[in-house]
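The structure appears below as structure tokens.
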Amino acid sequence: MATRQGLEFPTWRPKSKLSSEIQLHICGSTFTVDKELLAQKSAKIANLLQTSPDQEQLSLQINDIPADQESLELVARFCHGFEINLSTKNVIIVACVANYLGMTESHCPNNLLRKAFTYFEEQIIPSWNNSIKALKSTEHVLKQALHLGLVDHCIESLVSKAINEPRLLGEPIKILTSDDESDVKESFSKPKFRRKLFDLDWKSEELTTLSLRLYTHTIRGMIHRQVPQEYIAANLCQYAKKWLFCNENKIGETIPIYKRDSQREIIEVLEKLLPHEKGLLPCTFLFQMLRFSMSLDAKTECKNGLEIRIGNQLDQASVQDLLIPSQGYTKDEQYDTECVRRILTNFYNNYDNLDAFGLNLVSELIDEFLAEISSDIDLKPTTFLTFADMSLAISRGTQRKSDGIYRAVNIYLDKHRHLTESEREELCGVLDINKLSNEACEHAAQNERLPLRVVVQVLFLAQLKLRDSIVKEVKDCDDEEVKEEMEKMGSKVLELEKECCVMKRQILRGKEKVGIWKEMKRKLGCGTSVNNDHNCHVKKKKVHPSDLNKRLPGPHFDPPTKEQVKSLMLESDINLDGELNREEFVKFIRKITKDTFISVSQGLIVALAVAPTVALLTKRTTENVPGVGRVVQKIPNSLYASLVTLAIVAFQQGAERS
């Protein structure tokens, strides 16, 4: 019977003195068989021996047999009457060899093909694990196995079992939201908590071990038979992690070309199998697939499909997901902003009008993305404005603050100091001053990178808010004297608003900068003659807030000392109880602002510039004084600065009238 490379195995081959033995050179080995016994079982061999009894010619005629050495030895043993051991790994190959040789019931009863089919039906079809193992053995005989229908039977068996027990594909992926994130963390923090992938008593064979072609046929069968999508999505994630993401550190040009082509084929096939329903796949997984498709230069249809799926659930993404590195050697920008723009467009075109919460999340995501990419020195202003406009369009109609865009604008202006004044004003045009928080307004009022027009708008808005707060306090106040003082301060605010409106209109009308600076010089006390204009140059130099008063024209100002504050407090303490009530505190503020700022009379701009800084210095000094310090500490910095500013303006304008 059979020998390998000329070596015989007499332990099982019958000791026959017949001279009908022939040697067949198949699959790189030499097999010695009895041609009469082989012809009794094989119709193909019987026909070939009748036409050409030469053994060399016979070997050439059956050289395309779909077999390996192990299966040929099993066939030889069967022909010589010995028992053979079929298994999940060889039954399909043996069936293909038996079908090729014509070892059917019509030629000989109880032949090998029937024996293989019986084992397949009884041992392979009923078992999930055996079906997968049998499929894996068909790699080299796939064409013949498909012809016999064995592959289809295995796939049908897997699909039927997945319908009855979907957890065989893996547990559905849990997409965490902000509401249930804490619950999951709490459950994982409990002792003895262990998550089980399957509540089964046996270890199931993973479907992801199949080749791409067999896996694709199996998943498509499950989709057609409507296996729950969440389980199919979980299995697709497992397949991608096994065959793609495990080589993430070797992605791109560092891997061999043949392997790169194989990974490209995998990602293109998986993209077509991925479900389109929202929430079945993590957004991070989809972004990872998108990065791989770009690095592997996958087809445009593949990348577009992933971008559409991401756009449908962009509210679940994080800013790190959006930071997709640019591909290619000629990278104009650090990140692929064009890809992110397409994703945002897909989201905006397909979002649900009733989902306002999702809109806010995406708008905040864009602001964070802008802040991240603003430090890129190669980022073009047009690209920045495009994303800023998208953020404004998405958040339109909501009550969300504009602090995120302001932060991005501030970072961009800081990293791109070469921008002209007109370019900076164009960038700041995306800011909605009315939606800035108090903290952002306070920062913007002192931000030297912002254009003058924006600073004036911020100051004007601050005064409007102050007026509204004063009106509200007046309505709620019972003290007549305090109420009268606040009404006077309110009238001063109205005058201040008028002057700010005049300046704002001049800027918006496009008045020349020379005219504005002339007005500034007049306010600062410089000469108004044309010949003397050169004597008042403003140098662009950073000035520390504590030294601001030293650089202004006129008398210099120093914050009051602790002794001066104590003296003023004693003068204001009418009932001599060591504490200042509301009435005494109002008089104290009047005195300290009068004594401190009566010498400052250089116009409205100086008052607006000096007052907040000096007020904060005064507040710090006053907080350390017993009695009044506890009262001052309870007043917010912004409100205290605004109150002192109004007092300065009132005293200043009164001094100018006199």
Side-chain angles (χ1 to χ4, degrees), residues 162-163 165-188 195-198 207-208 219-220 222-242 244-245 267 269-293 301-324 339-340 342-366 368-369 390 394-395 398:
I163 294 175
E165 184 55 73
R167 290 181 301 170
L168 290 168
L169 300 177
E171 289 292 334
I173 302 172
K174 177 66 174 178
I175 308 296
L176 295 180
T177 61
S178 57
D179 296 332
D180 56 10
E181 205 171 52
S182 59
D183 298 337
V184 174
K185 290 181 180 179
E186 181 181 356
S187 62
F188 272 93
R195 182 188 175 202
K196 294 183 179 180
L197 185 61
F198 300 109
L207 198 65
T208 56
I219 294 296
R220 284 178 177 169
M222 293 181 179
I223 295 174
H224 180 71
R225 295 282 297 276
Q226 298 181 353
V227 174
Q229 288 287 314
E230 57 269 23
Y231 294 95
I232 295 178
N235 199 264
L236 289 170
C237 287
Q238 294 176 14
Y239 197 89
K241 291 177 181 178
K242 182 178 181 65
L244 289 176
F245 301 159
I267 201 166
V269 171
L270 291 183
E271 184 276 325
K272 295 178 181 179
L273 298 175
L274 292 177
H276 289 270
E277 287 78 0
K278 178 180 178 180
L280 296 179
L281 294 168
C283 211
T284 302
F285 169 78
L286 293 175
F287 272 105
Q288 199 171 10
M289 290 278 290
L290 181 59
R291 289 191 182 94
F292 267 79
S293 65
E301 295 80 1
C302 174
K303 291 181 282 189
N304 290 342
L306 292 170
E307 290 175 0
I308 292 174
R309 291 178 176 87
I310 293 173
N312 291 336
Q313 56 187 65
L314 188 59
D315 54 332
Q316 301 173 3
S318 65
V319 66
Q320 295 300 324
D321 294 332
L322 294 178
L323 298 178
I324 304 174
C339 175
V340 178
R342 292 193 300 267
I343 293 174
L344 289 171
T345 302
N346 291 328
F347 169 81
Y348 194 68
N349 293 335
N350 299 292
Y351 83 96
D352 186 1
N353 293 327
L354 301 177
D355 188 12
F357 181 72
L359 287 178
N360 286 331
L361 289 178
V362 173
S363 183
E364 292 176 1
L365 182 65
I366 300 175
E368 294 177 7
F369 176 71
M390 283 187 169
I394 293 176
S395 62
T398 64

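Note that the numbering runs from 1 along the sequence shown for the chain. Note that these values count all heavy atoms, side chains included, but never hydrogens, waters or copies made by symmetry. Just so it is clear, the model here is predicted, and its values are computed rather than measured.
Taking all atoms of both residues into account, the shortest heavy-atom contact from Lys303 to Ser293 is CG-OG, 3.4 Å. Pairing each heavy atom of Cys339 with each of Ile324, the nearest pair is SG-CD1, 3.9 Å. Closest heavy-atom contact between Met289 and Leu244: SD-CD1, 4.4 Å.
Judged as a ring-ring contact (aromatic ring centres under 6.0 Å, His included), and not counting sequence neighbours, the contacts of Phe285 are Phe245. With sequence neighbours left out, Arg220 forms a side-chain hydrogen bond (donor to acceptor under 3.5 Å, both in side chains) with no residue at all. Residues satisfying the side-chain contact (heavy atoms from CB on, under 4.5 Å) test with Gln320, not counting sequence neighbours, are Ser318, Leu323. Residues meeting the ring-ring contact (aromatic ring centres under 6.0 Å, His included) test with Phe369, sequence neighbours left out: Phe387. A search for side-chain hydrogen bond (donor to acceptor under 3.5 Å, both in side chains) contacts involving Ser363 returns Ser391, Arg400, not counting sequence neighbours.
Of the listed residues (Leu359, Leu361, Asn360), just one forms a side-chain contact (heavy atoms from CB on, under 4.5 Å) with Phe357, and that residue is Leu361.
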Got a list of side-chain donor-acceptor pairs under 3.5 Å for residues 224-234, not counting sequence neighbours?
residue, atom, partner, partner atom, Å
Arg225, NH1, Glu156, OE1, 3.3
Arg225, NH1, Glu156, OE2, 2.6

Expected list for residues 305-314: side-chain donor-acceptor pairs under 3.5 angstrom, two or more places apart:
residue, atom, partner, partner atom, Å
Glu307, OE1, Arg342, NE, 3.0
Glu307, OE2, Arg342, NE, 3.4
Glu307, OE2, Arg342, NH2, 2.8
Arg309, NE, Pro275, O, 3.3
Arg309, NH1, Glu271, OE2, 2.7
Arg309, NH1, Gly305, O, 3.1
Arg309, NH2, Glu271, O, 3.0
Arg309, NH2, Leu274, O, 3.0
Arg309, NH2, His276, NE2, 3.1
Asn312, ND2, Ile308, O, 3.3
Gln313, OE1, Gly279, N, 3.2
Gln313, NE2, Leu281, O, 2.7

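In this structure the side chain of Leu322 reaches within 4.5 angstrom of the side chain of Phe287, judged on heavy atoms. Contact of the Ile219 side chain with the Leu207 side chain is registered, since non-hydrogen atoms from C-beta on lie closer than 4.5 Å. Counting heavy atoms from C-beta outward, Lys278 and Asp315 have side chains that approach closer than 4.5 Å.
Atom CG in Leu290 sits 8.5 Å away from atom CD1 in Ile267 (nearest 0.5 Å). The line from NZ of Lys272 to CG of Leu270 is 11.0 Å long, rounded to the nearest 0.5 Å. The distance from atom CG of Asn235 to atom NZ of Lys242, rounded to the nearest 0.5 Å, is 11.5 Å.
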